[in-house]
Enquirer: 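Before we start, here is the structure in question, set down as structure tokens.
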Amino acid sequence: MTKNEENKKMMTTKTRESKLSTAFVKLADTLVTEFDVVDLLHWLVERCTEILDTQAGGLMLVDPTGQLQLVASTSEEAELVEIFQLAAGEGPCLDCFYTGIPVTVGNIEIDGGTWPTFSTEALKQGFKSVHATPLRLRGQVIGTMNLFSHQIGALVPEDIAVAQALADVATIGILQERHIRSANVVAEQLQRALDSRILIEQAKGVLAATMNTTMNDAFVIMRTYARDRNLPLRQVAGDVVSGRIDLQNPPRLIGQSPTSQGRGAELPAQIP
């Protein structure tokens, strides 16, 4: 390895450690402050895909009836794969939930024969490997986080441990929010997260149609608007659906210049 390659590797390691440290600080904050569950779950899967160098992710939670439901995803492609495996009742992510054990598939084309419907759709969407991590606490599994990659190869043990650690802290945050006092409240909170996803999907559709953009970009616009104003994602989605806010002409933030108005919710640049 050359000196430049060594320096590059060291910089990459330091950057990853910095992102990981920031992620744990963010998750720890959920243990002592109010937080929006849906926004937390979207943030969790986004940070894990970034830190672990995967290309997409999805997160499922169990509903009050004991069925898994998709509540967060980083792309439409990942969302389709998750929906297909839920509909088929098969997939590494479901196995992970039912066993409470991480499931890694380093080569879906070769090793995915156990889940034919899932494997066909995953390969169709360009994913060649997947890792599923349980959201669990003391034997209670409330969902799974699923990371998809365009490259062949299983996550190394160190990365599997990182994914599990982040998922564990997020699970603690979900189950021990300071207002939770009973199992019934936990179920209500999870149901609210599921309901929020439906509302967010509706809002994405509205934005995609009115702003002539993709569903992925519509979500980025809405999430940016919410974060810039410290608003719950669910609230912004509801306002978009009801027409109470117009993200094409958002109100100016305090201290924001007229020329930068709307920058937080502007459409991502399109590649010619």
Side-chain angles (χ1 to χ4, degrees), residues 15 19 22-23 26-27 29-30 35-61 69-83 125-127 145-150 166 170 193-257 259-272:
T15 300
K19 291 179 179 178
T22 301
K26 165 78 173 182
L27 288 172
D29 190 50
T30 66
F35 67 95
D36 180 70
V37 174
V38 175
D39 199 30
L40 171 68
L41 297 179
H42 276 285
W43 177 90
L44 173 64
V45 72
E46 288 169 357
R47 291 291 78 75
C48 282
T49 57
E50 180 183 0
I51 292 171
L52 300 178
D53 196 25
T54 52
Q55 283 68 59
L59 197 146
M60 301 178 184
L61 286 183
Q69 302 289 345
L70 179 66
V71 295
S73 64
T74 62
S75 71
E76 294 300 304
E77 293 79 12
E79 182 167 332
L80 281 173
V81 175
E82 300 283 47
I83 290 173
Q125 299 300 330
F127 301 125
M145 178 177 65
N146 316 304
L147 305 176
F148 301 92
S149 178
H150 293 155
L166 290 169
L194 299 174
D195 293 341
S196 294
R197 176 184 172 269
I198 295 174
L199 187 62
I200 290 168
E201 289 301 312
Q202 292 174 340
K204 284 165 57 178
V206 170
L207 290 178
T210 57
M211 301 182 75
N212 191 28
T213 187
T214 66
M215 294 286 278
N216 286 340
D217 285 346
F219 178 72
V220 172
I221 293 168
M222 183 166 56
R223 182 188 58 195
T224 301
Y225 181 94
R227 290 181 177 177
D228 283 351
R229 292 160 177 80
N230 198 29
L231 297 172
L233 188 59
R234 177 190 173 99
Q235 177 184 327
V236 174
D239 288 343
V240 169
V241 172
S242 66
R244 285 192 292 269
I245 59 174
D246 177 9
L247 296 195
Q248 293 190 80
N249 300 287
R252 190 193 314 171
L253 294 171
I254 297 176
Q256 185 181 44
S257 66
T259 57
S260 64
Q261 182 174 351
R263 181 176 299 163
E266 67 183 3
L267 185 67
Q270 301 295 313
I271 299 175

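Values below: all heavy atoms of this structure, side chains included; hydrogens, waters and symmetry mates excluded. Treat the numbers as computed from the prediction; the structure is a model and nothing was measured.
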Enquirer: Any idea which heavy atoms bring Val236 and Ala226 closest together, and the distance?
Expert: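 Residues Val236 and Ala226, closest heavy atoms: CG2-CB, 3.7 Å.
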Enquirer: At what distance, to the nearest 0.5 angstrom, does CE of Met215 lie from CD of Glu79?
Expert: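 Interatomic distance, Met215 CE to Glu79 CD, rounded to 0.5 Å: 7.0 Å.
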Enquirer: If we only count heavy atoms from C-beta on, is the Ile198 to Glu201 side-chain gap below 4.5 Å?
Expert: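 No, their side chains stay 4.5 Å or more apart.
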Enquirer: Measure the spacing between CZ of Phe219 and CG of Leu233 and express it to the nearest 0.5 Å.
Expert: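 Taking CZ in Phe219 and CG in Leu233, the distance rounds to 5.0 Å.
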Enquirer: Can you confirm whether Tyr225 sits close enough to Ile245 that some side-chain heavy atom of one is under 4.5 Å from a side-chain heavy atom of the other?
Expert: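 Tyr225 vs Ile245: side chains touch.
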Enquirer: I want to check something: taking the side chain as every heavy atom from C-beta on, are Gln125 and Phe148 in contact at a cut-off of under 4.5 Å?
Expert: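 No - every pair of side-chain heavy atoms lies 4.5 Å or more apart.
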Enquirer: Drop me the distance from Arg47's CZ to Leu52's CG, to the nearest 0.5 angstrom.
Expert: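 Here the interatomic distance stands at 11.5 Å.
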Enquirer: Quick one: do Glu82 and Arg197 make a salt bridge, cutoff under 4.0 Å?
Expert: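 No salt bridge links Glu82 with Arg197.
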Enquirer: I'd like to know whether Asn146 forms a side-chain contact (heavy atoms from CB on, under 4.5 Å) with Val81, so could you lay out the CA-CA distance, the side-chain angles of the two residues, the decisive distance to 0.1 Å, and finally the verdict.
Expert: CA-CA 10 Å; Asn146 316 304; Val81 175; over 6 Å; no
Enquirer: Side-chain contact test, heavy atoms from C-beta onward, threshold under 4.5 Å: evaluate it for Leu231 versus Asp239 and give yes or no.
Expert: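 Sidechains of Asp239 and Leu231: no contact.
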Enquirer: When rounded to the nearest 0.5 angstrom, what distance separates OG1 in Thr213 from CD1 in Ile221?
Expert: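 Nearest 0.5 Å value for the OG1-CD1 distance: 5.0 Å.
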Enquirer: Anything under 30° is parallel, anything over 60° is perpendicular, the rest tilted; go ahead and classify His150 against Phe127.
Expert: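 Judged by the thresholds at 30° and 60°, the geometry between His150 and Phe127 is parallel.
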Enquirer: From Lys204 NZ over to Asp217 CG, what is the distance, rounded to the nearest 0.5 angstrom?
Expert: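 Lys204 atom NZ to Asp217 atom CG measures 11.0 Å (nearest 0.5 Å).
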Enquirer: Do Met145 and Leu44 make a side-chain contact, defined as non-hydrogen atoms from C-beta onward lying under 4.5 Å apart?
Expert: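 Yes, side chains in contact.
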